*Asks:* 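Sharing a structure here in structure tokens format.
Given the structure is predicted, the values throughout are model-derived calculations rather than measurements. Position 1 is the first residue of the sequence; numbering continues from there.
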Amino acid sequence: MWGGRTGALLRVWGLWPAGVRGRRPLGCNAASLAGNNSPQCWNCGGPGVPKRGDGFFCPQCRALQPPDLTRDYFSLMDCNRAFGVDTAKLQNRYQQLQRLVHPDFFSQRSQTEKDFSEKHATLVNDAYKTLLAPLSRGLYLLKLHGVEIPEGTDYAMDQQFLMEIMEINEKLAEAQSEAAMKEVESIVRAKQKELSDNVSKAFEQDLAEPSVATW
């Protein structure tokens, strides 16, 4: 029921435009069904690596293979497809992949592998940055389920939330000491956690319900 609770909470955050309807979710496994067959290695012609595995290199000649552009970021970064992400695990995965595909490790390899390395590194960086931040992670998760927010759309800010932001800004402007600044920081962090937890629950509830395009 994408666009239900999740959409409402994103509107509270000012992330969901008024008037944009939810759409029927795409199957979570739709992308993973594409390109499941192991392609041939471009270098030796032998059987390539399974596209959904962690093998980036040909098992026969060890040549770096091209990136699988149909693989979603959650799969690439070995994360559950959910709003709640273990950021420590995400960072470890990012470092692991960088050690495998970073261009610095391919300076003495063929030009083809250098090009593939650049593409792999770009894909890994994009996936890491997208999943690390709650906002981009939530929008990407919606996109995977067929809900996209058009660029340039005006966002409807929840009035109660807007008032809270104004109050926090006033406290910040009036803060004259380090203790007062820390108090404001504590309020902001608590609010961020509350909103993040609420959005995470909304995603879980929407995923658990039947796929109906209601708003």
*Asks:* Go through the structure and list residues passing side chain to side chain contact (heavy atoms under 4.5 Å, CB included) with L76, not counting sequence neighbours.
*Replies:*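 Checked L76 against side chain to side chain contact (heavy atoms under 4.5 Å, CB included); matches are F56, R71, L97, L123, V124, A127.
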*Asks:* Mind jotting down which residue pairs meet the salt bridge (Lys or Arg N to Asp or Glu O under 4.0 Å) criterion with at least one end in residues 109-120? Sequence neighbours excluded, please.
*Replies:*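 Listed by first then second residue: R109-E113.
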*Asks:* Salt bridge (Lys or Arg N to Asp or Glu O under 4.0 Å): which pairs involve residues 169-187, sequence neighbours left out?
*Replies:* E178-K182, E185-R189
*Asks:* Using side chain to side chain donor-acceptor pair (under 3.5 Å) as the criterion, list what pairs up with Q96, not counting sequence neighbours.
*Replies:* R93
*Asks:* Taking only residues two or more places apart in sequence or in another chain, which ones pass side chain to side chain donor-acceptor pair (under 3.5 Å) with Y94?
*Replies:*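 So Y94 forms a side chain to side chain donor-acceptor pair (under 3.5 Å) with Q98, N125.
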*Asks:* Starting at CZ of R99, measure out to CG of D104 and round the result to the nearest 0.5 Å.
*Replies:*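 The CG atom of D104 is 14.0 Å from CZ of R99, to the nearest 0.5 Å.
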*Asks:* Can you tell which of T87, L90, D86, D72 makes a side chain to side chain contact (heavy atoms under 4.5 Å, CB included) with C79?
*Replies:*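 Result: among T87, L90, D86, D72, L90 is the only option passing the side chain to side chain contact (heavy atoms under 4.5 Å, CB included) with C79.
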*Asks:* Distance check, rounded to the nearest 0.5 Å: S107 atom OG versus H102 atom NE2?
*Replies:*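 If I round to the nearest 0.5 Å, the distance is 11.5 Å.
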*Asks:* Once you round to the nearest 0.5 Å, how far does CD of Q111 lie from OG of S117?
*Replies:*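 It is 11.0 Å, given to the nearest 0.5 Å.
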*Asks:* Report, one line per pair, each donor and acceptor closer than 3.5 Å where one atom sits in a side chain of residues 128-136; sequence neighbours left out.
*Replies:*
from	atom 1	to	atom 2	distance (Å)
T130	OG1	D126	O	2.7
S136	OG	T130	O	2.6
S136	OG	A133	O	3.2

*Asks:* Checking N80 side chain against A82 main chain: does a donor-acceptor pair fall under 3.5 Å?
*Replies:* no
*Asks:* Can you establish whether the number of heavy atoms outside Q108 located under 6.0 Å from its atom CD is more than 12?
*Replies:* no
*Asks:* If we only count heavy atoms from C-beta on, is the V101 to F116 side-chain gap below 4.5 Å?
*Replies:*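 Result no, sub-4.5 Å side-chain heavy-atom pair not found.
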*Asks:* Does any non-hydrogen side-chain atom of C41 lie less than 4.5 Å from one of Q60?
*Replies:*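 Sidechains of C41 and Q60: no contact.
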*Asks:* Quick one: does any side-chain atom of W42 pair with a main-chain N or O of L64 as donor and acceptor, under 3.5 Å?
*Replies:* yes
